[in-house]
Amino acid sequence: MYKNNSILLPKLERLLEEMGEQIKLARLRRKLSTDQVAERAGTSRKTLYSIEKGKSSVSIGIYIKVLNVLGLEKDVLHIAKDDVLGRKLQDIGLTTKERAPKRN
């Protein structure tokens with residue numbers, strides 16, 4: 001049975017932190033305050049602060065609401081879009097059928 005463990009690998013923490021920083025920069029480029037974005041996303045300033053710090057405790061739904069306020073909600077469609085490894089694994093698992101011998 002899978003045990004939910006809230007500890008992330010350092011590499012994954014860095015990814016979330018980078019994403020949070022990118023969200024913060026997008027907010028600043030739009031000259032929106034934390035109050036404005038939080039209110040429009042239906043969340044608190046504290047939660048927005050957690051997003052901008054890349055905290056894993058915030059649900060992906062709230063991340064998407066904030067991205068929506070910034071006009072970046074479609075960015076989530078790029079996640080796993082080019083699944084190179086998955087496609088290679090899929091190709092390896094494909095079996096080719098042998099053709100029946102031709103009748104004369």
Side-chain angles (χ1 to χ4, degrees):
M1 182 174 177
Y2 176 76
K3 182 178 179 183
N4 186 1
N5 192 346
S6 62
I7 298 172
L8 286 180
L9 296 172
K11 179 173 117 177
L12 299 179
E13 284 181 348
R14 285 191 298 277
L15 283 174
L16 275 176
E17 288 168 3
E18 184 176 341
M19 184 173 70
E21 181 66 20
Q22 291 170 350
I23 291 171
K24 180 179 181 178
L25 291 173
R27 176 182 60 78
L28 294 173
R29 283 191 290 270
R30 287 158 178 75
K31 300 185 184 332
L32 294 170
S33 71
T34 54
D35 285 330
Q36 289 171 313
V37 174
E39 182 180 336
R40 293 175 189 177
T43 192
S44 68
R45 276 183 53 208
K46 182 179 178 183
T47 300
L48 179 60
Y49 179 76
S50 293
I51 287 172
E52 291 184 352
K53 291 292 180 186
K55 301 294 181 187
S56 63
S57 59
V58 180
S59 77
I60 192 167
I62 302 297
Y63 271 89
I64 291 173
K65 285 182 176 184
V66 169
L67 289 172
N68 182 57
V69 170
L70 300 173
L72 299 170
E73 69 280 359
K74 290 189 178 180
D75 282 8
V76 298
L77 296 176
H78 296 284
I79 297 170
K81 183 177 179 180
D82 296 321
D83 184 11
V84 176
L85 175 61
R87 290 177 190 210
K88 285 181 181 178
L89 292 171
Q90 184 180 32
D91 290 346
I92 289 171
L94 294 178
T95 57
T96 55
K97 294 182 181 177
E98 288 189 34
R99 295 182 86 176
K102 290 186 178 181
R103 293 185 197 188
N104 289 333

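Values in this document were obtained by computation on a predicted structure and should not be read as measured data. Residue numbers run from 1 in the order of the sequence given.
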Check your understanding: Going through the distances and angles, do E13 and L9 end up as a side-chain contact (heavy atoms from CB on, under 4.5 Å)?
Key -> CA-CA 6 Å; E13 284 181 348; L9 296 172; over 6 Å; no
Point to revise | Least distance between heavy atoms, A26 atom then L70 atom | key: CB-CD1, 4.1 Å
Check your understanding: Counting only N and O atoms by type, is there a donor-acceptor contact under 3.5 Å from the side chain of E39 to the main-chain atoms of Q36?
Key -> no
Revision key, fill the gap. d(L89 CG, D83 CG) to nearest 0.5 Å is 8.0 Å
Check your understanding: With sequence neighbours excluded, what pairs up with Q22 under the side chain to side chain contact (heavy atoms under 4.5 Å, CB included) test?
Key -> E18
Review point. Is it the case that more than 12 heavy atoms not belonging to L77 sit under 6.0 Å from its CG atom?
Key: yes
Revision key, fill the gap. Rounding to 0.5 Å, atoms NZ (K88) and CD1 (I92) come to a distance of 8.5 Å
Practice item. Could you please spell out the steps behind the side-chain contact (heavy atoms from CB on, under 4.5 Å) verdict for Y63 and L16? Key: CA-CA 11 Å; Y63 271 89; L16 275 176; 4.2 Å; yes
Review point. Is there a chain of hydrophobic side chains (I, L, V, M, F, W, Y, each step under 4.5 Å between heavy atoms) that links I64 to L25?
Key: no
Check your understanding: What pair of heavy atoms forms the shortest contact from A38 to L48, and how long is it?
Key -> N-CD2, 4.0 Å
Revision key, fill the gap. Between the CG atom in L12 and the CD1 atom in I7, the distance rounded to the nearest 0.5 Å is 12.5 Å
Review point. For S50 and T47, does a side-chain donor sit closer than 3.5 Å to a side-chain acceptor?
Key: no
**Study point:** Residue pairs, two or more places apart or on separate chains, that pass salt bridge (charged side-chain N to carboxylate O under 4.0 Å, His left out) and touch residues 44-60
**Key:** R27-E52, D35-R45
Review point. Is T43 close to V37 at the side-chain level, that is, under 4.5 Å between some pair of heavy atoms?
Key: no
Check your understanding: Tell me, do R30 and L72 make a side-chain contact under 4.5 Å, heavy atoms counted?
Key -> yes
